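For clarity, every value in this text was computed on a predicted model and none was experimentally measured. In what follows, chains carry the letters A, B, and so on, assigned in the order in which the sequence lines appear, proteins first and then strands, with residues in each chain numbered from 1.
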There are 2 protein chains.
Amino acid sequence: MEQRVSSTPSLSGAQSVDRALSLLSLISYFGDQGATLSELVEQGGLNKPTTRRLLLALIRSGMLEQDSLTRRYYLGEEAYILGTLASRRYGLLQISRDSLTTLSAKTEDTSFLSIQRETSSVCLHREEGTYQIRTHALQAGYRHPLGVGAGSLAILSALQDEEIEAVLEANHSVLVTEYPNLAPSQIRLDIATTREAGFALNPGRILANSWAIGLAIHYPDRRPAGALSIAAIDSRMQAARQVELVALMQVEAKKIEARLAHLQPINGRLKRPIIPVRPGTRIDGAN
Amino acid sequence: MEQRVSSTPSLSGAQSVDRALSLLSLISYFGDQGATLSELVEQGGLNKPTTRRLLLALIRSGMLEQDSLTRRYYLGEEAYILGTLASRRYGLLQISRDSLTTLSAKTEDTSFLSIQRETSSVCLHREEGTYQIRTHALQAGYRHPLGVGAGSLAILSALQDEEIEAVLEANHSVLVTEYPNLAPSQIRLDIATTREAGFALNPGRILANSWAIGLAIHYPDRRPAGALSIAAIDSRMQAARQVELVALMQVEAKKIEARLAHLQPINGRLKRPIIPVRPGTRIDGAN
DNA sequence: CTCTTTGGTCCATAATATGGATCGATATTT
DNA sequence: AAATATCGATCCATATTATGGACCAAAGAG
């Protein structure tokens with residue numbers, strides 16, 4: 001009870017919901033590894049009893065699950081179901097899956113789909129290539145500050161200049177401490193190069209010899225919806241092949257953008273499903 | 001403040017989180033149509049200001065969005081992202097997508113994937129067939145009480161007898177009022193038929209001439225993970241073709257079950273993603 | 001065996017959520 | 001066109017609810 005701000009004029013409220021969903025979001029970054037209570041207390045900025053109480057509420061709703069043995073917390077089945085249902089409005093991954101398959105099949109290298117989330121990019125999908133040497137610097141669920149990584153840089157470069165500055169400022173301390181090769185000034189240079197070339201290149205900036213090419217996917221209004229990227233070892237990413245890869249990616253990006261244009265106006269009226277269940281009927285430990 | 005139960009011994013707490021997530025779940029049943037505040041007040045069992053306050057909290061977190069014009073509420077992008085990230089543990093749909101494509105391609109009819117959610121089944125995906133006459137009784141996101149519909153009946157039939165009775169009891173009033181052709185007693189008969197035949201048949205019980213066949217998908221421990229189903233007009237669902245369809249579906253169900261067996265033990269330790277963001281830093285209207 | 005760490009919980013206190021009442025805006029009716 | 005109904009949204013005094021320091025048990029670590 002320190003966080004008094006006293007400004008909250010009226011509006012707002014339901015702060016435990018904010019906190020609980022912040023925790024949920026935080027947990028999502030732990031991926032398959034799951035999160036421990038201590039980690040969540042440390043990184044979530046809430047104390048132990050509060051954290052635990054909110055986690056229990058999330059578990060009750062099915063959004064979260066706790067491994068009874070390891071005591072770790074994982075996203076639950078309800079999160080998966082809601083996401084699947086939401087995918088009809090936001091189904092970038094669904095729409096892009098074919099393209100990722102195609103890209104990895106044609107190039108033999110691993111391809112990725114990333115999106116923006118606040119000031120970071122998140123990898124939504126990794127499509128394995130067949131080539132024997134693969135970089136594992138990026139996995140589904142991994143997050144990096146915008147500008148770090150090829151897809152991430154492609155997205156950042158597609159933002160407006162003032163947004164870019166806001167992002168870089170927000171990420172300043174993280175960049176300086178965690179990514180010595182990627183100071184904000186360096187990223188600004190990379191953005192210029194990206195815009196000029198029409199694609200983003202990560203020449204092993206995060207992991208040596210692990211190069212990648214990224215291409216932004218745009219909404220009809222030109223805002224970035226995400227980015228495709230392809231990663232390989234440097235020997236497979238020299239100038240000539242870069243051109244080939246970009247050409248392939250451009251074809252797929254175009255396809256995705258065409259489908260995206262059809263996805264948005266789904267707000268049309270559909271028949272109502274049947275809705276018998278009555279929530280709000282006081283959930284205790286009654287499950 | 002009527003709902004005093006006074007029993008809540010200790011445990012529990014964070015009730016607004018319960019309520020908010022109940023609302024979120026409720027909204028998910030409205031699908032592409034979105035939900036209005038009034039509908040949510042009516043069906044959610046909470047009053048208007050409370051409902052609205054919780055909705056605002058959900059919007060702040062990105063789990064929900066409100067159409068600024070129609071004022072309707074829809075699942076938000078954050079829900080989609082979380083679901084995508086959770087899909088590595090619960091990716092039944094991902095695993096089943098190929099099978100649905102195959103089934104619809106081979107049969108020319110529309111195929112579905114459904115799962116259990118509490119005492120209902122929810123359609124996660126509808127894969128269109130090419131045949132000119134198609135039934136639109138089932139869409140992704142639609143919910144029916146367990147036992148209503150072919151996939152739904154297949155799932156119910158795969159449960160244990162005592163679970164079945166619990167489900168039927170919970171759904172009793174809904175079945176009686178909403179589905180005159182599907183009294184609990186009728187469903188019990190259908191279950192017996194389903195278990196004997198090895199597949200579920202819906203002979204136009206919900207919508208005349210709209211028949212469907214359902215086949216349960218099992219976890220390694222035999223609990224149902226969901227169900228495949230194929231729907232068509234009755235003339236395309238006579239005995240001979242039923243056998244053909246079931247044979248095709250069994251092949252696909254086997255494939256899915258094999259992949260499911262590999263999905264579960266993903267609790268392995270993976271490299272940690274980078275986690276710079278600090279939630280819990282008081283979210284107001286600051287966005 | 002003791003010390004430390006981690007998961008989990010208790011409970012008096014204080015902060016927060018609650019919902020009846022109210023308001024403005026947009027249909028609907030007469 | 002006026003009157004009425006409906007709906008979304010918000011206010012604010014009240015009392016229910018969340019908070020977090022302190023504590024406990026269990027499982028490593030030394």
Quick one: list whatever passes salt bridge (Lys or Arg N to Asp or Glu O under 4.0 Å) with Glu163(A), sequence neighbours left out.
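Testing Glu163(A) for salt bridge (Lys or Arg N to Asp or Glu O under 4.0 Å), a comparison that skips the adjacent residues, returns Arg223(A).
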
Side-chain donor/acceptor of Ser152(B) to backbone N/O of Gly147(B), under 3.5 Å:
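It does hold such a pair.
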
Taking atom types as modelled, is there a side-chain donor on Tyr74(B) or Glu65(B) under 3.5 Å from an acceptor on the other?
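The criterion, which ignores hydrogens and geometry beyond distance, is not satisfied for Glu65(B) and Tyr74(B).
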
Have Ser114(B) and Arg126(B) got a donor and an acceptor in their side chains that come within less than 3.5 Å?
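Not at all, the side chains of Ser114(B) and Arg126(B) share no donor-acceptor pair under 3.5 Å.
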
Without decimals, in angstroms, what is the distance between [X] [atom1] and [N] [atom2]?
X	N	atom1	atom2	result
Asp18(A)	dT19(D)	CG	C1'	16 Å
Leu46(B)	dG19(C)	CG	P	8 Å
Gln15(A)	dT17(D)	CD	C1'	13 Å
Arg19(A)	dT19(D)	CZ	C1'	8 Å
Asn47(A)	dT9(C)	CG	P	15 Å
Leu69(A)	dG8(C)	CG	C1'	16 Å
Leu54(A)	dT17(D)	CG	P	16 Å

Output all residues satisfying side-chain contact (heavy atoms from CB on, under 4.5 Å) with Ser96(A), sequence neighbours left out; order by chain, then residue number.
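Counting only residues at least two positions away or on another chain, Ser96(A) forms a side-chain contact (heavy atoms from CB on, under 4.5 Å) with Leu92(A), Leu113(A), Ile256(A).
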
Give a yes/no answer on whether the side chain of Ser16(A) brings an N or O atom under 4.0 Å of OP1 or OP2 in dA18(D).
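For dA18(D), OP1/OP2 do not have a side-chain N/O of Ser16(A) under 4.0 Å.
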
dT18(C), OP1 or OP2 - any side-chain N/O from Arg53(B) closer than 4.0 Å?
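Affirmative; the distance criterion is met.
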
Answer yes or no for Arg89(A) and Tyr80(B): cation-pi contact, defined as NZ/CZ to six-membered ring centre under 6.0 Å and angle to ring axis within 45°.
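No, a cation-pi geometry is absent between Arg89(A) and Tyr80(B).
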
Got a list of protein N/O to nucleotides 5-9 of chain D N/O distances below 3.5 Å?
residue	atom	partner	partner atom	Å
dG8(D)	OP1	Leu37(B)	N	3.4
dG8(D)	OP2	Ser38(B)	N	2.9
dG8(D)	OP2	Ser38(B)	OG	2.1
dG8(D)	N7	Lys48(B)	NZ	3.1
dG8(D)	O6	Lys48(B)	NZ	3.4
dA9(D)	OP1	Gln66(B)	NE2	3.3
dA9(D)	OP1	Arg71(B)	NE	3.4
dA9(D)	OP1	Arg71(B)	NH1	2.1
dA9(D)	OP2	Arg52(B)	NH1	3.4
dA9(D)	OP2	Gln66(B)	NE2	3.2
dA9(D)	OP2	Tyr73(B)	OH	2.9
dA9(D)	N6	Lys48(B)	NZ	3.1

